[in-house]
Amino acid sequence: MKRIKFKCLQSYNALIVFLISALGFASSCDIYGGKMYGTPSADFIINGKIEANSTNIPVAGIKVKMSQQRMTDKGNIPVGIDSTFSDVTNGTYQVRANGQFPDNQTFKLSFSDIDGAQNGEFEPLDTTIVFQNPKFSNGSGSWNRGQTEMEVDVKLKPKK
């Protein structure tokens with residue numbers, strides 16, 4: 001009797017192992033290319049040139065800070081995303097917000113002269129940049145939508 005019971009349990013175990021294996025292989029083969037999880041993302045790039053308001057001469061050493069308002073439990077707070085300094089020879093700059101949701105986005109740019117009188121002293125400037133209906137390029141056609149760029153040239157006023 002014990003021998004029959006043991007053979008029966010062995011048969012059931014073999015059947016269960018076969019069924020689990022078959023179901024595992026069947027569910028791992030997806031003819032539609034598999035499932036993807038995540039959030040679409042894109043890079044927002046702002047390029048530009050900084051010049052003196054009165055002379056149109058490029059200004060070097062200006063700190064450019066890119067930030068964005070984020071909703072928290074304490075309300076909206078600015079979150080720094082990227083910062084750089086304007087180029088020494090031609091006053092150009094580039095800041096990026098990588099991995100943002102590919103939709104309309106609003107960023108704040110702050111321009112401040114932190115080197116003192118080395119290249120002249122300039123008033124700080126804050127401006128808001130809105131990417132309205134952005135067009136993306138160089139995406140993967142999947143979650144990565146690519147990048148979009150905007151050119152923002154500014155003229156800084158000298159300090160009095």
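Just so it is clear, the values below take in all heavy atoms, side chains as well, and ignore hydrogens, waters and symmetry mates. Here the structure is a predicted model, which means the values were calculated and not measured.
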| query | Given side chains that start at C-beta, do those of Ile129 and Ile46 come closer than 4.5 Å, heavy atoms only? | reply | yes
| request: Using a 4.5 Å cut-off on heavy atoms from C-beta on, say whether the side chain of Asn76 contacts that of Arg70. | output: no
Measure the [atom1]-[atom2] distance between [X] and [Y] for me, rounded to the nearest 0.5 Å.
X: Ile77; Y: Ser67; atom1: CD1; atom2: OG; answer: 11.0 Å
X: Asn98; Y: Ile45; atom1: CG; atom2: CD1; answer: 7.5 Å
X: Gln147; Y: Gln100; atom1: CD; atom2: CD; answer: 14.0 Å
X: Ile50; Y: Ile62; atom1: CD1; atom2: CD1; answer: 6.0 Å

| said: Let's go through Val152 and Asn47 carefully: what are the C-alpha distance in whole Å and the side-chain angles of both, what is the deciding distance for side chain to side chain contact (heavy atoms under 4.5 Å, CB included) to 0.1 Å, and is it a yes or a no? | reply: CA-CA 6 Å; Val152 178; Asn47 300 304; over 6 Å; no
Ignoring hydrogens, what is the shortest heavy-atom contact between [X] and [Y]? Give both atom names and the distance.
X: Pro40; Y: Pro102; result: O-CD, 3.2 Å
X: Thr84; Y: Gln94; result: CG2-O, 3.5 Å
X: Asn133; Y: Asn104; result: N-OD1, 2.7 Å
X: Gln68; Y: Gln105; result: NE2-OE1, 2.6 Å
X: Ala60; Y: Asp115; result: O-OD2, 4.0 Å

| side-chain hydrogen bond (donor to acceptor under 3.5 Å, both in side chains) contacts in which one or both residues fall within residues 52-65, not counting sequence neighbours | Asn56-Lys155
| task | Among residues two or more places apart or on two chains, list those pairs meeting side-chain hydrogen bond (donor to acceptor under 3.5 Å, both in side chains) that have a residue in residues 121-132. | result | Ser110-Asp126
| request: Show your working on salt bridge (charged side-chain N to carboxylate O under 4.0 Å, His left out) between Asp43 and Arg96 and close with a plain yes or no. | output: CA-CA 7 Å; Asp43 300 337; Arg96 305 174 66 100; 3.5 Å; yes
| task | Applying ring pair (Phe, Tyr, Trp, His ring centres under 6.0 Å), name anything that partners Phe44, two or more places apart in sequence or on another chain. | result | Phe107, Phe131, Phe136
| query | Is Met150 linked to Val154 within one hydrophobic cluster, defined over Ile, Leu, Val, Met, Phe, Trp and Tyr using a side-chain heavy-atom separation of less than 4.5 Å? | reply | yes
| note | Applying salt bridge (charged side-chain N to carboxylate O under 4.0 Å, His left out) to Lys49 and not counting sequence neighbours gives Glu51
| query | So, does Ser86 use its side chain to make a donor-acceptor pair with the main chain of Val59 at under 3.5 Å? | reply | yes
| Main-chain N/O of Val130 paired to Thr106 side chain as donor or acceptor, under 3.5 Å | no
| note | residues 129-151 vs salt bridge (Lys or Arg N to Asp or Glu O under 4.0 Å), sequence neighbours excluded, gives none
| request: Any pair with a residue in residues 53-97 that passes ring pair (Phe, Tyr, Trp, His ring centres under 6.0 Å), sequence neighbours left out, goes on the list, sorted by first then second residue, please. | output: Tyr93-Phe111
